[in-house]
Number of protein chains: 2
Amino acid sequence: MGLDRQLRPATQSDVAREVGVSRTLVSFAFRDAPGVSGGTKQAIFDAAKRLGYRPNAAAADLARKHRSAVGLYLMDIHNEVYADILSGVRMALPQARNRLILSVSQSIDGVDAGAVDSLIEARVGIIIAATLLDPDERVQELAQIVPIVSVARPVPGVDSVYSDDEAGARAATEHLLSLGHTRIAHLGGPDYDGHTVRRRSYEKTMRGAGMVPRTVPADDFTQDAGMRAAVEILDSADRPTGIFAHNDQFALAAREAAYARGLAIPGDLSLVGYDNSRTGRLHGIELTSVDLHAMELGNIAGTVAMDRLNDPEAPVADERLTPELVVRNSTAPAAM
Amino acid sequence: MGLDRQLRPATQSDVAREVGVSRTLVSFAFRDAPGVSGGTKQAIFDAAKRLGYRPNAAAADLARKHRSAVGLYLMDIHNEVYADILSGVRMALPQARNRLILSVSQSIDGVDAGAVDSLIEARVGIIIAATLLDPDERVQELAQIVPIVSVARPVPGVDSVYSDDEAGARAATEHLLSLGHTRIAHLGGPDYDGHTVRRRSYEKTMRGAGMVPRTVPADDFTQDAGMRAAVEILDSADRPTGIFAHNDQFALAAREAAYARGLAIPGDLSLVGYDNSRTGRLHGIELTSVDLHAMELGNIAGTVAMDRLNDPEAPVADERLTPELVVRNSTAPAAM
DNA sequence: ATGAAAGCGCTAACAG
DNA sequence: CTGTTAGCGCTTTCAT
């Protein structure tokens, strides 16, 4: 037994015919444009209801030469940060802008090729892109085709909403230093354009304190890659007593690897993450982490996107939020 | 300084004019339909590249009287289960179907009203809906307007892909019973149509074992609501020694509440969740949980959606997966 | 307050 | 192999 097949969906013409008016009136009525008498309006709504008419947003966009959909590119929906950004963006979008077309990076290594293309072909009015991996020039190129709001990473000449990673990484590193750690490793992300700020800030801070930095980058942003890098750090001859990880996901991978080796946290190893994810707050995890306020980031990005849509000529936005180190129990003074 | 304003995006006509052929050829070339000579094709692609032409998927859909976009409704993107479902769905969609329009329940209590509407107005070809809160009849109504695939909940007469909650909840409850627990409470979800299976299975299993069930439902699916219900359970006069939670999120809320009260897990309280989330696998959390294979659920849902699109007359799909209890360290024998 | 007509960017017969 | 023509569902002047 199959499904009841829906008939061809009702169109404006159907409604117009039913009521005995022109399509124009129906169009006006549905966008409550001025110039439709109360009676007619009512009759139109009644008929529409009866016929199950639903406006076709795509056709409307086409006619209006105007794109109402918002495109959202996310690198990895499994990372809480991106889910938070999504929530923030949603909150910022007005009811009328509720066509959010999502594109999540498909490939493991996070090449964005097709992902962004599909948003362009869907003719979104603007793309909010979180953690694009493409180099700056490529993003700038794309921005010629469709307005882009870069989230969590500044791109010169492109609307950007991000967190001060330099400060965040410095705070994280200094925290470990202040606890007396000298051998502090950085479990870094892969080195994409625009995503090396945390690493460099860590290295700079270490050198500034007279320590020698040691970065072990993960091959990509997956959990497995994080684990591999963590293992490399923990199994090395000169095991550090502190690790600053590029994000909480990597920090938690390091945590697992540590426990698997019988290392206690923070007894044998102090651990700092980045993101302040919910998981890190759980009893027994209590991960010291840098909060980049992802939801706020998303929210502001959504607002910036709306502004850009309303005024293409407005100055390029450059919103930098200040992150915040949240100290919990995964860090402790270095043993003597 | 503003943004470089993009000129009106190039259209097929522009390309055609540039090359000196008709729009038809351009149209054919881009969908590599047969009947375009190699030379012409090349010339068209070159010109398109030069002009920065991108096909307009919305216009194509309109002309083709055919909807290529897929709508995805998710209740709460912060819950790992939904992120997994999304990943699964994405994996199932062919390259050409990569217009995934997302709609996440906005309101706290999860009323789906506007969410699904926006998908309909976006004229998606099919809606994959995870954990719709609407009653069966409403879903069936919607399915008349646009094909729907219900994920994680069976709806009669509508394509459904779900996990056997009855079996999962039974396994969870029996696990606690077999450990000798007698006072086992259920930290339940809110009682929406189609989402009471776990509770009922728990209650039935309890009664079958001669125990008296005790369900404390959360007001909604938010973390806060879960916490409130958890607190109610733990602060009650007759505190249970085992809790079976509707999902991992609730279980983790109960865990926090327990620790806040100085209760040890599993020493003073055995805890079973549902979802087998990554968080539950972490050292020190080690939550016993029922795995409903969310990603597979999403993947199958995507496949079912494609099938439905290809054959509207195919029999209604009813895919029920078997969940699996994963025992970890949050459960232990009841104290004597 | 209402309607006629043109057009948005694209596809799909149908002709040549 | 290539072009002509007629829409898809909707918006938008411009008349009436």
Side-chain angles (χ1 to χ4, degrees), chain A residues 6-44 47-48 51-69 96 99 120-125 145-146, chain B residues 6-44 47-48 51-69 96 99 120-125 145-146:
Chain A
Q6 42 267 331
L7 344 90
R8 185 183 57 78
T11 75
Q12 267 185 357
S13 305
D14 297 331
V15 178
R17 195 174 318 115
E18 173 90 359
V19 182
V21 295
S22 73
R23 278 151 57 209
T24 310
L25 271 313
V26 181
S27 176
F28 281 12
F30 266 85
R31 291 171 294 142
D32 54 24
V36 188
S37 71
T40 312
K41 208 161 179 171
Q42 201 40 249
I44 289 175
L51 298 174
Y53 167 72
R54 302 313 212 89
N56 180 333
D61 264 21
L62 186 58
R64 209 177 320 161
K65 305 149 99 27
H66 173 270
R67 6 229 69 144
S68 68
R99 258 163 70 227
I120 293 180
E121 294 184 5
R123 285 297 189 276
V124 296
I145 301 180
V146 54
Chain B
Q6 42 269 332
L7 345 89
R8 184 183 58 77
T11 75
Q12 267 185 357
S13 304
D14 297 330
V15 178
R17 194 174 319 114
E18 172 92 358
V19 181
V21 296
S22 73
R23 279 153 54 211
T24 310
L25 271 313
V26 180
S27 175
F28 279 15
F30 267 86
R31 292 171 291 143
D32 55 25
V36 188
S37 71
T40 312
K41 208 161 180 171
Q42 201 40 250
I44 288 175
L51 299 173
Y53 166 73
R54 303 310 213 90
N56 181 332
D61 264 21
L62 187 58
R64 208 179 322 164
K65 308 149 96 31
H66 173 268
R67 4 228 72 140
S68 68
R99 258 163 69 227
I120 293 179
E121 294 185 5
R123 286 295 190 277
V124 297
I145 301 179
V146 53

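Order of the sequence lines fixes the chain letters, A, B, ..., with proteins taken first and strands second; residue numbering starts at 1 for each chain.
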Sugar-phosphate only, base, or nothing, as touched by B:Y53 at under 4.0 Å among non-hydrogen atoms: sugar-phosphate
C:dT2 base / A:T40 side chain donor-acceptor hit below 3.5 Å: no
B:R123 side chain to B:S68 backbone, donor-acceptor under 3.5 Å: no
Atom-to-atom span, CD1 of B:I44 to C1' of D:dC1 - whole angstrom: 11 Å
Interatomic distance where CD belongs to B:E121 and P belongs to D:dT11 [whole Å]: 11 Å
Most 5' of B:P34 and A:S13 on DNA chain D, judged by nearest nucleotide: B:P34
Which nucleotide in D:dG3, C:dT11, D:dT13 has an atom nearest any side-chain atom of B:S22: D:dG3
No-H, no-angle donor-acceptor pair, A:R64 side chain to D:dT12 base, under 3.5 Å: no
Backbone N/O of A:A122 and side chain of B:R54: donor-acceptor pair under 3.5 Å: no
Touch class at under 4.0 angstrom, heavy-atom based, for A:T24 against every strand present: base
Heavy-atom pair with the smallest gap, counting every atom of A:A48 and A:F30: CB-CZ, 3.6 Å
B:N56 CG - D:dC10 P separation (whole Å): 16 Å
Rounded distance (Å) that lies between atom P of D:dA6 and atom NZ of B:K65: 17 Å
Distance-only polar pair, side chains of B:S27 and B:R31, donor-acceptor under 3.5 Å: yes
Minimum-distance nucleotide to B:R31 side chain [options: D:dT2, D:dT11, C:dT11]: C:dT11
Nearest-nucleotide pick for A:R123, side chain only, options being C:dT2, D:dT11, C:dC10: C:dC10
Value in whole Å for how far the P atom of C:dC10 lies from CZ of B:F30: 9 Å
Base D:dT11 paired with A:R23 side chain (donor-acceptor, <3.5 Å): yes
Interatomic distance where CD belongs to A:Q12 and P belongs to C:dA4 [whole Å]: 15 Å
Short side-chain N/O contact from A:S37 to OP1 or OP2 of C:dT2, under 4.0 Å: yes
Sugar-phosphate, base or nothing in reach of A:V26, heavy atoms under 4.0 Å: nothing
Nucleotide D:dC1, atom P - distance to CD of B:Q42 in whole Å: 15 Å
Side-chain heavy-atom pair B:L25, B:V19 within 4.5 angstrom cut-off: no
Euclidean distance, atom CG of residue B:L62 to atom P of C:dC8 [Å, nearest integer]: 14 Å
